[in-house]
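Just below is one structure, and these are the notes that go with it.
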Amino acid sequence: MLFMCHQMAMKKEAQEKQKAEQRRRAQAVSDIPIIWILGGPGCGKGTQCAKIVEKYGFTHLSSGDLLRDEVASGSEKGRELQKIMTSGGLVPNAEVLGLLNAAVIRAKGTSKGFLIDGYPREKSQGIAFEAQIAPADLALYFDCSEETMLKRILARAAAATVKRADDNEATIRSRLHTFKCNTSDILELYNEKTLTINAERDVEIIFMEVVEAIDCMLQKKERAAKVC
């Protein structure tokens, strides 16, 4: 009995240490601006991320790129991820969050801010991200019609020299359907920190709206830091 009690006490202590470490890491990351970049495939968020990086020097972390890098590594995990991505399904949140967390930890010492591109894709992912990594300061949702996104993705695929396994019409339509089903829940939960942007306009006009939102967020974060 005493041995079992000792084991339980040690397990509880280990869990408390793990939680404390997660809180420490979250605090270290929360000092750095975090922006979620939301929008369906082909909405143009990649173009906007490139412009944000150029202007602000933020670190761009694309969940899709991190997943494809894992697939390209040829690892067992990569092969499992490839099957899911090719079928148009959603990769388990634990896998995506693990890749994002590792990337954030690697970059946090030198990063001026993080753009989390393509994440969260469902409500539970947002909750897990904020609990395990850090709260997002802003979410930018690039709103675009399904037909526009489909045309853009097919045009990109046709022009690409390297073909992506998930860039075929059947898979794209499946991805768009999955995205549409999950988006409304995300926007409802994070309504107060989300700016919805019409992504069917000129790139520069869109970026002007993006800059205004980011500048406002940075000013608020700076004021909050001074109060603390």
Side-chain angles (χ1 to χ4, degrees), residues 35-53 60-103 115-129 136 139-190 194 196-201 203 206:
I35 303 174
W36 287 343
I37 304 296
L38 310 177
C43 73
K45 63 184 186 293
T47 298
Q48 293 299 318
C49 282
K51 294 179 75 64
I52 295 170
V53 169
H60 178 206
L61 298 177
S62 165
S63 59
D65 287 346
L66 291 172
L67 288 168
R68 282 186 284 273
D69 287 346
E70 187 66 34
V71 169
S73 73
S75 66
E76 183 177 349
K77 180 189 291 185
R79 290 192 292 272
E80 293 173 358
L81 294 174
Q82 185 175 31
K83 291 179 183 178
I84 298 171
M85 293 165 68
T86 302
S87 69
L90 283 176
V91 173
N93 183 43
E95 299 288 355
V96 182
L97 193 61
L99 293 173
L100 281 171
N101 192 33
L115 301 179
I116 309 299
D117 181 0
Y119 192 95
R121 295 191 179 186
E122 56 185 31
K123 184 169 66 175
S124 62
Q125 291 182 344
I127 295 170
F129 182 99
L140 297 176
Y141 170 56
F142 294 94
D143 190 19
C144 198
S145 71
E146 181 173 324
E147 287 307 310
T148 296
M149 289 189 285
L150 178 62
K151 289 177 183 178
R152 288 176 178 177
I153 299 170
L154 290 176
R156 179 185 66 191
T161 53
V162 178
K163 303 301 181 183
R164 283 170 41 175
D166 55 351
D167 269 354
N168 60 78
E169 185 168 349
T171 302
I172 292 166
R173 289 194 179 277
S174 176
R175 288 161 61 196
L176 292 175
H177 175 73
T178 301
F179 171 78
K180 184 177 180 180
C181 290
N182 288 288
T183 299
S184 59
D185 288 341
I186 298 172
L187 299 181
E188 182 179 355
L189 180 62
Y190 296 104
T194 300
T196 298
I197 297 174
N198 179 356
E200 302 209 33
R201 299 171 295 166
V203 170
I206 295 172

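Small disclaimer: the values here were computed from a predicted structure and weren't measured.
Taking both residues in full, the closest heavy atoms of Val203 and Thr47 are given as CG1-CG2, 3.9 Å, listed atom of the first, atom of the second, then distance. In plain terms, the two heavy atoms of Pro120 and Ile186 that are nearest each other are O-CD1, 3.5 Å. Scanning both residues, Phe142 and Gln48, for their nearest heavy atoms gives CE2-CG, 3.7 Å. What you find for Gly74 and Arg79 is that their closest heavy atoms are O-NH1, 2.9 Å. Considering every non-hydrogen atom in both Cys144 and Thr148, the closest pair reads SG-CG2, 3.5 Å.
Ser145 and Glu147 are not linked by any side-chain donor-acceptor pair at a separation below 3.5 angstrom, with hydrogens and angles left out of the test.
Taken to the nearest 0.5 Å, the CG atom of Leu66 stands 6.0 Å off from the CG atom of Leu61. The CG atom of Leu189 sits 8.5 Å away from atom CG of Asp185, with the distance rounded to the nearest 0.5 Å. Taken to the nearest 0.5 Å, the CD atom of Glu188 stands 11.5 Å off from the OG1 atom of Thr194. The line from OG of Ser184 to NZ of Lys123 is 9.5 Å long, rounded to the nearest 0.5 Å. Of the inter-residue distances, the one linking Leu100 atom CG with Asp117 atom CG reads 10.0 Å to the nearest 0.5 angstrom. In this structure, the separation between CZ on Arg173 and CG on Leu150 is 4.5 Å, given to the nearest 0.5 Å.
Every residue was checked against the salt bridge (Lys or Arg N to Asp or Glu O under 4.0 Å) condition with Glu80, not counting sequence neighbours, and none meets it. Scanning for side chain to side chain donor-acceptor pair (under 3.5 Å) contacts around Arg201 gives Glu209, with sequence neighbours left out. Residues forming a side chain to side chain donor-acceptor pair (under 3.5 Å) with Asn182 (at least two apart in sequence, or on another chain): none. Residues meeting the salt bridge (Lys or Arg N to Asp or Glu O under 4.0 Å) test with Lys151, sequence neighbours left out: none. With sequence neighbours excluded, no residue forms a salt bridge (Lys or Arg N to Asp or Glu O under 4.0 Å) with Asp143. Residues satisfying the side chain to side chain contact (heavy atoms under 4.5 Å, CB included) test with Lys180, not counting sequence neighbours, are none. Partners of Ala102 by side chain to side chain contact (heavy atoms under 4.5 Å, CB included), not counting sequence neighbours, listed by chain and number: Arg106. For Val91, the side chain to side chain contact (heavy atoms under 4.5 Å, CB included) partners at least two apart in sequence or on another chain are Leu67, Leu81, Ile84, Met85, Glu95, Val96. For His177, the side chain to side chain donor-acceptor pair (under 3.5 Å) test picks out no residue, with sequence neighbours left out. Among residues two or more places apart in sequence or in another chain, the salt bridge (Lys or Arg N to Asp or Glu O under 4.0 Å) test is passed with Glu200 by none. Partners of Ser87 according to the side chain to side chain donor-acceptor pair (under 3.5 Å) rule, which considers only residues two or more places apart in sequence or in another chain, do not exist here.
Although no hydrogens or angles enter the test, the distance criterion places no donor-acceptor pair under 3.5 Å between the side chain of Tyr141 and the main chain of Thr183. A donor-acceptor distance shorter than 3.5 angstrom exists from the side chain of Thr178 to the backbone of Ser174, with no hydrogens or angles considered.
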Let me have the donor-acceptor pairs involving side chains of residues 35-45, under 3.5 Å, with sequence neighbours excluded, atom names and distances please.
unit_1	atom_1	unit_2	atom_2	d
Lys45	NZ	Gly39	O	3.2

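Within a 6.0 Å sphere centred on NZ of Lys51, heavy atoms belonging to other residues, nucleotides or ligands number more than 12.
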Could you walk me through whether Asn93 and Phe129 pass side-chain contact (heavy atoms from CB on, under 4.5 Å), step by step?
-> CA-CA 10 Å; Asn93 183 43; Phe129 182 99; over 6 Å; no
